[in-house]
2 protein chains.
Amino acid sequence: MMVAHGVNLTKQRRIIADVLFERNQHVTADQLFDLVKQTGSRVSKATVYNTLGLFARKGLVREIFIDASRTFYDSNNSHHHHFYNVDTGDLIDIKDRLAAHFIEQDLPEGTSMDVVDLVVRVRNIKS
Amino acid sequence: MMVAHGVNLTKQRRIIADVLFERNQHVTADQLFDLVKQTGSRVSKATVYNTLGLFARKGLVREIFIDASRTFYDSNNSHHHHFYNVDTGDLIDIKDRLAAHFIEQDLPEGTSMDVVDLVVRVRNIKS
DNA sequence: GCTGTTGCTTAGAATAGTTCTAAAAATAAT
DNA sequence: ATTATTTTTAGAACTATTCTAAGCAACAGC
Ligand SMILES: [Mn+2]
Ligand SMILES: [Mn+2]
Ligand SMILES: [Zn+2]
Ligand SMILES: [Zn+2]
């Protein structure tokens, strides 16, 4: 899978990928560093940052920017969106259905909608 | 307008608001600090940060998180979204029409779509 | 075996946007 | 006028992330 995306499979990247892709999750670099530590393996924090950056560039994970203070990485790289609870910090998947009223019907229990932020990322067409 | 939103109108906030709301724009705190300086007025950087935070809490501006390294503030607080060009850094408004194929038709000249990131911010219903 | 080359990992330093602190200044209340 | 409250300010502190430069692993050609 990683080799298919043009990523050299090193020992550390293997360890990181095992923990990261074990399940669909949203983690910061620091959280992932701790998760790796909990398995007993030792990988430096710099390598966790480097590897997440590499995985993101290669399309293996998605970066999520919901607040300026930290970047989340989403091990589920299929096309989907998120509910973010500003009170609890919960980050919950929304399946890819864009209609606004549809989203409203699916709000997490006990929450009300605040703001819908949509960013369409584009790139210059290489000439 | 600001008084209506429960913001005390001080001299510095007035200066900042004049520059910020002069037109629809997307600025970082630092950019706004420079814009204020260019008018000849003197407001500290701390006050620019404090004021933007206050305006955001009061709903006068919208925070936009498109990359982890800086927060943009949108002087257009009407409900809309954005095209972000990852190559140029351009941030362009999208009128509030959510259909995905509609967005594709409106891509900025010379760009191709990369990723659509949608974050629905919710809050706990106060009980 | 060695030897060079390349890519990867690492600890710690540096960076930079943002927040915090504590004191002065402005404003409001009594 | 005196006191209380709010705001501004400079600079220090904070913190997520990136950078640096040295060491290490993998590999190829001898
Ligand atoms: Mn997810
Ligand atoms: Mn705008
Ligand atoms: Zn997700
Ligand atoms: Zn906008």
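Residue numbering restarts at 1 for every chain, and letters A, B, ... go by the order of the sequence lines.
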Participant: Ignoring backbone atoms, test whether Arg13(B) places a side-chain nitrogen or oxygen under 4.0 Å from the OP1 or OP2 oxygen of dT7(D).
Facilitator: yes
Participant: Touch check for Thr28(B), heavy atoms < 4.0 angstrom, all strands: base, sugar-phosphate only, or nothing?
Facilitator: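 Thr28(B): no heavy atom of the nucleic acid under 4.0 Å.
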Participant: OP1, OP2 of dA25(D) versus side-chain N and O of Thr10(A): anything below 4.0 Å?
Facilitator: no
Participant: Could you pick out which residue, Arg42(A) or Thr71(B), lies toward the 5' side of DNA chain C when each is mapped onto its nearest nucleotide?
Facilitator: Arg42(A)
Participant: Grab the CD1-P distance between Ile16(B) and dT7(D) for me, whole Å please.
Facilitator: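 Those two atoms, CD1 and P, are 13 Å apart.
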Participant: Passes side-chain hydrogen bond (donor to acceptor under 3.5 Å, both in side chains), Asn85(A) versus Asn124(B)? Steps please.
Facilitator: CA-CA 7 Å; Asn85(A) 188 318; Asn124(B) 283 338; 3.0 Å; yes
Participant: Mapping Ser44(A) and Ala46(B) to their closest nucleotides on DNA chain C, which lands nearer the 5' end?
Facilitator: Ser44(A)
Participant: In whole angstroms, how far is the C1' atom of dT18(D) from the CG atom of Asn50(A)?
Facilitator: 9 Å
Participant: State, to 0.1 Å, how close Val48(A) and Ala29(A) come at their nearest heavy-atom pair, and which atoms those are.
Facilitator: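 Looking at all heavy atoms of both residues, the closest pair is CG1-O, 3.5 Å.
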Participant: What is the separation between atom CG on Leu54(B) and atom C1' on dT6(D), rounded to the nearest whole Å?
Facilitator: 12 Å
Participant: For the side chain of Gln25(B) and the backbone of Leu20(B), is there at least one donor-acceptor N/O pair under 3.5 Å apart?
Facilitator: yes
Participant: Just the rounded figure in Å: distance from P of dC19(D) to NZ of Lys45(A).
Facilitator: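 Going from NZ in Lys45(A) over to P in dC19(D) covers 17 Å.
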Participant: Just how far, in rounded Å, is C1' of dC24(D) from NZ of Lys11(A)?
Facilitator: 10 Å
Participant: State the CG-NE2 distance between Leu118(A) and His79(B), to the nearest 0.5 angstrom.
Facilitator: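 Rounded to the nearest 0.5 Å, the CG-NE2 separation comes to 9.0 Å.
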Participant: Can you check the Asp30(A) CG to dT18(D) P distance for me, whole Å?
Facilitator: 13 Å
Participant: With a cut-off of less than 4.0 Å, is there a side-chain N or O of Gln12(B) near OP1 or OP2 of dT9(D)?
Facilitator: yes
Participant: Hey, where on DNA chain C does chain B first and last touch, going 5' to 3'? Cut-off is any atom under 4.0 Å from a heavy atom.
Facilitator: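 Taking any atom under 4.0 Å from a heavy atom of chain B, the span is dG17(C) to dT19(C).
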Participant: Take atom CG of Leu9(A) and atom P of dA25(D), then tell me their distance rounded to the nearest Å.
Facilitator: 17 Å
Participant: Should the pair His82(A) and His26(A) be assigned to parallel (<30°), tilted (30 to 60°) or perpendicular (>60°) ring geometry?
Facilitator: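 Correct class here is perpendicular.
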Participant: Please check this pair: side chain of Arg121(A) against backbone of Ile66(B), looking for a donor-acceptor N/O pair closer than 3.5 Å.
Facilitator: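 Yes, the answer is positive, given that a donor and an acceptor are paired below the 3.5 Å cut-off.
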Participant: Using a strict threshold of under 4.0 Å (side-chain N to carboxylate O), is an ion pair present between Arg70(B) and Asp30(B)?
Facilitator: no
Participant: What is the distance from CG of Asn8(A) to C1' of dA26(D), rounded to the nearest Å?
Facilitator: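 These atoms are roughly 10 Å apart.
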Participant: Give a yes/no on whether any side-chain N or O of Tyr49(A) is located under 4.0 angstrom from OP1 or OP2 of dT18(D).
Facilitator: no
